[in-house]
Amino acid sequence: MDAHVPQRKGVVRLSLATLWRRWLAAIAWTCLLAFLPWWTGLPLLLGLAVAQLARVPRLLRHGAILRRALRWGLAGVLVAGYRAFDGHPSGVTLTLLAALAGFSLLVLLESWQDHKPLRSASLAAASPAWNEIALAPIGPSATLIELQSPVWMALDDPANGAANNIAMVGRRRCRIGANTLIDHIEPQASVAPGQRWIALPIAAGRGVLLYDRVRDRQYRLRGWRLYGWHAGEAWLSRGEDKPPLALSHVLGQDQWEE
């Protein structure tokens, strides 16, 4: 398998403590907007939405945070709006209509973000569009990357798990090494050639989980599947009609370096 895709390096740490901090921050943000006047919280949400639409390079690394701020902030503003009616009979109806409109717009915004191609000046120079290639006086330089197809092994076979220090300890749970437990995965695994990375399909075909043995970090990528390995890094794809991308590219490291 060959692919002409720019390669970068990047990591993201996911831990239980991080998830707890995210939940606490989201609840605090919702409560803050719920107790503020709605005409104060609404401009804040509109500002966040504009920042998402503008795709400012410096804010791209905070895209997940902005998304959560919009989701939870909208809930807080709706509560503040309902409080502004002060028990009026039409308050519930108008609040429900505002919730329907607000969350519909939020879904459209997130869908647009997920499907809009991420092209920047540096990215376009490394991987030009076809019309840019046609108009260029000299063809762009490119690196031929040959991906190694993943080999999936069944973790139900104790021999496979023992060879890679992986053991199933439940129907959807496995243990890697002595202490690392991973939930909601299928009993299959693909190990990178260098033995550093382990790929595990998320249960019900919802995506793939990548585990870094060296840094003890997990990457739970919903909607992606493992396409192959190259230079010890996983390359992922969302479908047969789309080119594979390096893990660091999927995580947004290319945009962080702008």
Side-chain angles (χ1 to χ4, degrees), residues 1 3 5 7-26 61 63-65 67-68 114 145-240 242-254 256:
M1 293 181 289
V5 184
Q7 185 177 13
R8 300 290 190 270
K9 298 183 180 297
V11 293
V12 168
R13 183 177 179 84
L14 295 177
S15 65
L16 184 60
T18 301
L19 293 176
W20 275 109
R21 286 196 298 269
R22 288 180 179 178
W23 275 103
L24 291 176
R61 70 174 69 184
I65 297 177
R67 281 193 177 193
R68 290 194 297 273
D114 292 337
I145 295 177
E146 184 175 354
L147 301 181
Q148 180 176 343
S149 299
V151 177
W152 295 97
M153 60 181 178
L155 297 180
D156 296 334
D157 185 349
N160 291 333
N164 295 277
N165 203 12
I166 309 173
M168 295 297 296
V169 294
R171 185 168 177 268
R172 301 295 188 187
R173 166 181 281 196
C174 77
R175 184 182 68 247
I176 301 178
N179 302 314
T180 302
L181 293 176
I182 300 177
D183 294 314
H184 308 299
I185 53 93
E186 298 287 350
Q188 290 183 330
S190 176
V191 181
Q195 304 294 314
R196 172 177 174 177
W197 291 91
I198 299 176
L200 302 159
I202 298 175
R206 296 179 180 176
V208 65
L209 183 144
L210 294 168
Y211 175 71
D212 186 349
R213 291 181 189 260
V214 175
R215 294 186 171 90
D216 188 23
R217 297 176 179 176
Q218 300 179 26
Y219 305 75
R220 193 174 291 268
L221 304 171
R222 298 188 180 277
W224 294 88
R225 67 180 183 87
L226 179 64
Y227 194 85
W229 303 100
H230 174 73
E233 184 177 17
W235 285 65
L236 308 160
S237 174
R238 279 192 179 275
E240 296 294 340
K242 297 182 180 179
L245 300 175
L247 171 63
S248 54
H249 188 93
V250 172
L251 296 175
Q253 184 68 17
D254 293 320
W256 296 5

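The figures that follow rest on heavy atoms only: side chains count, while hydrogens, waters and symmetry mates do not.
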Fill in the blank from the handout: Sorted by chain and residue number, the side chain to side chain contact (heavy atoms under 4.5 Å, CB included) partners of Asp157 (sequence neighbours excluded) come out as Ala159, Asn160
Once you round to the nearest 0.5 Å, how far does [atom1] of [X] lie from [atom2] of [Y]?
X: Tyr219; Y: Asp212; atom1: OH; atom2: CG; result: 5.0 Å
X: Arg220; Y: Leu209; atom1: CZ; atom2: CG; result: 4.5 Å
X: Ser190; Y: Trp229; atom1: OG; atom2: CH2; result: 5.0 Å
X: Leu210; Y: Leu251; atom1: CG; atom2: CG; result: 8.5 Å
X: Glu146; Y: His230; atom1: CD; atom2: NE2; result: 9.5 Å
X: Met153; Y: Ile166; atom1: CE; atom2: CD1; result: 4.0 Å

Problem - Polar side chain donor-acceptor pair, Asp216 to Tyr211, under 3.5 angstrom - result: yes
Completion exercise
Contacts of Trp23 meeting ring-ring contact (aromatic ring centres under 6.0 Å, His included) (sequence neighbours excluded), chain-then-number -> Trp72
Do [X] side-chain atoms and [Y] backbone N/O form a donor-acceptor pair below 3.5 Å?
X: Ser237; Y: Tyr227; result: no
X: Glu186; Y: Ala204; result: yes
X: Trp197; Y: Gly232; result: yes

Completion exercise
Which of Ile198, Ile202, Ile176 passes side-chain contact (heavy atoms from CB on, under 4.5 Å) with Ile182? It is Ile176
Problem - Residue list, side-chain hydrogen bond (donor to acceptor under 3.5 Å, both in side chains) with Arg175, at least two apart or on another chain - result: none
Completion exercise
Nearest heavy-atom contact between Val169 and Leu181 is CG2-CD2, 4.2 Å
Problem - For the student: nearest non-hydrogen atoms of Pro193 and Gln148, plus distance - result: CG-OE1, 3.3 Å
Any heavy-atom pair between the side chains of [Y] and [X] that's under 4.5 Å?
X: Pro244; Y: Leu236; value: no
X: Leu226; Y: Trp235; value: no
X: Met168; Y: Ile185; value: yes

Practice task
Check the surroundings of atom CG in Asn179: do more than 12 heavy atoms from other residues, nucleotides or ligands lie under 6.0 Å from it?
Solution key: no
Problem - Evaluation steps, side chain to side chain contact (heavy atoms under 4.5 Å, CB included), between Val214 and Arg196 - result: CA-CA 6 Å; Val214 175; Arg196 172 177 174 177; 3.7 Å; yes
Handout entry: Sidechain N-carboxylate O distance under 4.0 Å for Arg172, Asp183
Key = no
